[in-house]
Amino acid sequence: MSIVTRFAPSPTGQLHIGGARTAIFSWLLARQAGGRFVLRIEDTDTVRSQAAYTEGILASMKWLGLDWDDEPIYQTQRFDIYNKFIDSMIENGTAYWCSCTPEEVEAMREAARAGGTKPKYDGRCRERGLGPGPGRVVRLKAPLAGTTIMDDLVHGPVAFDNAELDDMILRRSDNTPTYNLAVVVDDATMGITHVIRGDDHINNTPKQIMIYNALGFPLPKFGHVPMILGPDKKKLSKRHGATAVYEYEAQGILPEAMLNCLVRLGWSFGDQEIFSREELLQHFSIGSLGKSASVFDNEKLLWLNQHYIKEADLDRLAGLLAAILGERGHAGLDAGYLKAFIPLLQPRSRTMVEMADQAEMFVADEPALDEAAAAKFLTEETKPHLAEIARIFEAADDFQQEPLEAAVKAYLDAKELKFKLVAQPLRVALTGRTASPGLFEMVEAMGKERVLKRLKRVAG
RNA sequence: GUCCCCAUCGUCUAGCCUGGUCCAGGACGACGGCCUUUCACGCCGUUAACAGGGGUUCAAAUCCCCUUGGGGACGCCA
């Protein structure tokens with residue numbers, strides 16, 4: 001049997017990294033087996049759902065390279081399907097109408113809590129044989145005794161005492177289906193073979209298994225993956241910083257770094273840290289998923305990102321960088337120039353935004369001069385040398401790193417001066433800063449005209 | 001409160017299923033050093049963990065139990 005997995009986001013917010021990781025695992029499981037990976041938008045919460053979020057989630061999926069089969073399914077378009085199945089449950093006696101009001105049910109729960117047991121509906125309408133009516137809901141006639149066992153792909157068998165569960169609502173008084181019912185009907189009718197989701201859904205599973213049984217559907221395999229926590233070990237939330245995938249994209253994180261980072265949270269393959277998409281497809285195994293929650297480490301993401309930046313294709317980086325620089329007012333940059341200095345920035349950038357920060361010194365007409373640096377290095381003692389170096393550069397017809405460096409060294413040797421004397425002054429003159437890539441590689445990348453202009457600006 | 005899940009360096013983890021090869025390995029970080037014209041890259045090294053207690057066993061990070069801690073779920077949200 002071919003594998004079919006799904007990712008079922010609720011469009012009440014952007015795709016966050018926890019959801020993204022679940023999606024990655026599902027995608028990997030299906031793709032490595034040549035199976036299908038489908039999307040279902042759980043938009044039944046009409047108050048909080050927004051079409052813009054759906055678009056954002058799909059965009060983040062594409063960014064991460066998680067492609068899906070078929071068109072996404074929207075739950076709001078399937079209400080009649082859900083109702084048809086609920087009706088069949090009423091007919092076969094696995095569900096019943098209930099006239100209890102929310103207030104009455106709440107009172108039952110309160111009483112249970114006071115009695116020290118699990119809050120639940122007491123099933124008083126189970127055998128009343130009620131029919132439809134205003135304000136009435138349909139409930140599952142759940143087994144009263146026994147245990148429901150879920151054989152989880154990552155946790156192994158987990159048993160639940162049926163007495164712990166109550167007769168959950170399947171259809172609300174406004175005729176809409178509840179989450180657990182919709183999920184079961186969807187997963188079953190969509191032919192999902194492996195349900196991969198966060199382990200905050202473990203307690204939903206026995207309820208859903210009861211619905212599968214009541215409907216006569218075969219059970220899929222369940223795999224509950226551990227959650228991602230913030231540095232304080234609490235459920236990841238906005239106060240921990242960026243949680244949405246698109247925010248990382250905006251920070252200049254490369255998708256392959258994000259993917260690599262996320263997949264290693266809860267999963268590992270020996271001591272390997274770096275995984276290409278192909279290696280992931282080759283080595284991923286749901287059986288080697290861990291069971292414990294993990295803390296998202298931004299430092300490791302940055303390390304991974306720098307690794308991928310160092311390996312990335314120049315044309316791609318040039319495109320990415322030009323976009324960021326464009327937003328900062330540097331439009332129409334020459335691609336050739338970008339590609340000349342990007343290699344110097346690659347080992348110095350953990351994100352594309354960091355690269356852009358440093359690229360400013362290459363693309364600005366007149367890079368901002370760090371005042372303290374200028375005062376310290378652009379002195380009466382050093383300026384004459386800078387002027388002389390400018391003359392040497394001007395005379396050079398081979399504007400390459402090596403001959404230029406040799407020429408400057410020859411000049412210094414002749415005067416019995418140390419290179420250190422002019423190194424920082426030259427750097428400040430060229431970039432306005434005290435930290436930068438190597439001097440002569442920058443000189444070559446900037447080109448004669450730009451270099452001379454900058455030297456003359458400070459040395460007259 | 002009730003139920004469920006989880007538990008190895010600060011963090012991600014290997015090892016656990018199939019006890020001995022583990023005075024516990026790798027990676028990120030931190031710290032130190034090398035390289036060096038600055039900053040990085042790179043290279044080398046150091047730091048640091050089997051939550052606690054009981055068992056079982058010749059032998060336990062590995063198996064069992066309890067405790068503790070953390071997380072999650074208990075909704076006419078998803």
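Naming convention: chains lettered A, B, ... in sequence-line order (proteins, then strands); numbering from 1 in each chain.
In this structure, U56(B) makes no Watson-Crick or G-U wobble pair, since no nucleotide meets both defining distances under 3.5 angstrom. C17(B) is unpaired under the criterion used here, namely a Watson-Crick or G-U wobble arrangement in which both key atom distances are under 3.5 Å. When Watson-Crick and G-U wobble pairs are counted only if both distances are under 3.5 Å, A40(B) pairs with no nucleotide at all. The partner of C77(B) cannot be assigned: no Watson-Crick or G-U wobble pair with both contacts below 3.5 Å exists in any strand. Base-pair partner of C35(B): not found among the strands shown (Watson-Crick or G-U wobble, both distances under 3.5 Å). Under the Watson-Crick or G-U wobble criterion, with both distances below 3.5 Å, C28(B) is paired with G10(B).
G135(A) comes within contact range of at least one nucleobase, with a heavy-atom separation under 4.0 Å. Residue contacts for H201(A): at a heavy-atom cut-off of 4.0 Å it reaches a base atom on one of the strands shown. Backbone-only contact: S10(A) has heavy atoms under 4.0 Å from sugar-phosphate atoms and none from a base. Residue V137(A) is classed as a base contact, given a heavy-atom separation below 4.0 Å to a base. Backbone-only engagement by K310(A) is indicated by non-hydrogen atom pairs under 4.0 Å involving sugar-phosphate atoms exclusively. Counting non-hydrogen atoms under 4.0 angstrom, C98(A) reaches nothing in the nucleic acid. Across all strands, R171(A) comes closer than 4.0 Å to no nucleic acid atom at all (heavy-atom distances). When heavy atoms are screened at a 4.0 angstrom cut-off, T434(A) is found touching base atoms of the nucleic acid. At the heavy-atom level, R264(A) lies under 4.0 Å from base atoms of the strands shown. Heavy atoms of G266(A) sit under 4.0 angstrom from primed sugar atoms or phosphate atoms, though from no base atom. As judged by a 4.0 angstrom heavy-atom cut-off over every strand, T44(A) is placed among residues touching the sugar-phosphate backbone only. Within 4.0 Å (heavy atoms only), L265(A) reaches sugar-phosphate atoms of the nucleic acid but no base atom. Backbone-only engagement by S294(A) is indicated by non-hydrogen atom pairs under 4.0 Å involving sugar-phosphate atoms exclusively. Among the heavy atoms of the strands lying under 4.0 Å from I202(A) are primed sugar atoms or P, OP1, OP2 only; no base atom is included.
The same atom, C1', is picked in A30(B) and in A48(B); the two are 10 Å apart, to the nearest Å. For the P atoms, the distance linking U68(B) with U57(B) amounts to 27 Å, nearest Å. Comparing G29(B) with G45(B), their C1' atoms sit 16 Å apart, to the nearest whole Å. Separating the P atom of U21(B) from that of G15(B) is a span of 16 Å, rounded to the nearest Å. The C1' atoms of C28(B) and C23(B) are separated by 25 Å, rounded to the nearest whole Å. The same atom, P, is picked in A60(B) and in G53(B); the two are 14 Å apart, to the nearest Å. Comparing A27(B) with U8(B), their C1' atoms sit 15 Å apart, to the nearest whole Å. Only the C1' atoms considered, U46(B) is 14 Å distant from C9(B), to the nearest whole Å.
To the nearest 0.5 Å, atom CD of residue E256(A) and atom CG of residue L259(A) are 8.5 Å apart.
Contact check on E388(A) versus K383(A) returns no salt bridge, with no Lys/Arg side-chain nitrogen under 4.0 Å from an Asp/Glu carboxylate oxygen. Using a 4.0 Å cut-off between a side-chain N of Lys or Arg and a carboxylate O of Asp or Glu, D45(A) and R48(A) qualify as a salt bridge. We find that R40(A) and D187(A) are joined by a salt bridge, their nearest charged nitrogen and carboxylate oxygen being less than 4.0 Å apart.
Contact annotation: the side chain of I41(A) never approaches that of I57(A) to less than 4.5 Å [non-hydrogen atoms, C-beta and beyond]. Contact annotation: the side chain of V195(A) never approaches that of V183(A) to less than 4.5 Å [non-hydrogen atoms, C-beta and beyond]. Side-chain contact between V443(A) and Q401(A): absent, with no pair of heavy atoms (C-beta onward) separated by less than 4.5 Å.
Comparing R21(A) and P102(A), the nucleotide of RNA chain B nearest to each residue sits closer to the 5' end for R21(A). Projected onto RNA chain B by closest heavy-atom contact, L301(A) and A112(A) fall at different nucleotides, the more 5' of which corresponds to A112(A).
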- Query: Given D122(A) and R124(A), is the salt bridge (Lys or Arg N to Asp or Glu O under 4.0 Å) satisfied, shown in steps?
  - Reply: CA-CA 6 Å; D122(A) 68 6; R124(A) 65 179 60 162; 3.0 Å; yes
- Could you walk me through whether E444(A) and F399(A) pass side chain to side chain contact (heavy atoms under 4.5 Å, CB included), step by step? CA-CA 6 Å; E444(A) 178 178 330; F399(A) 216 73; 5.5 Å; no
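Between chain A and RNA chain B, the heavy-atom contact criterion of under 4.0 Å yields a 5' to 3' nucleotide range of G1(B) to A78(B).
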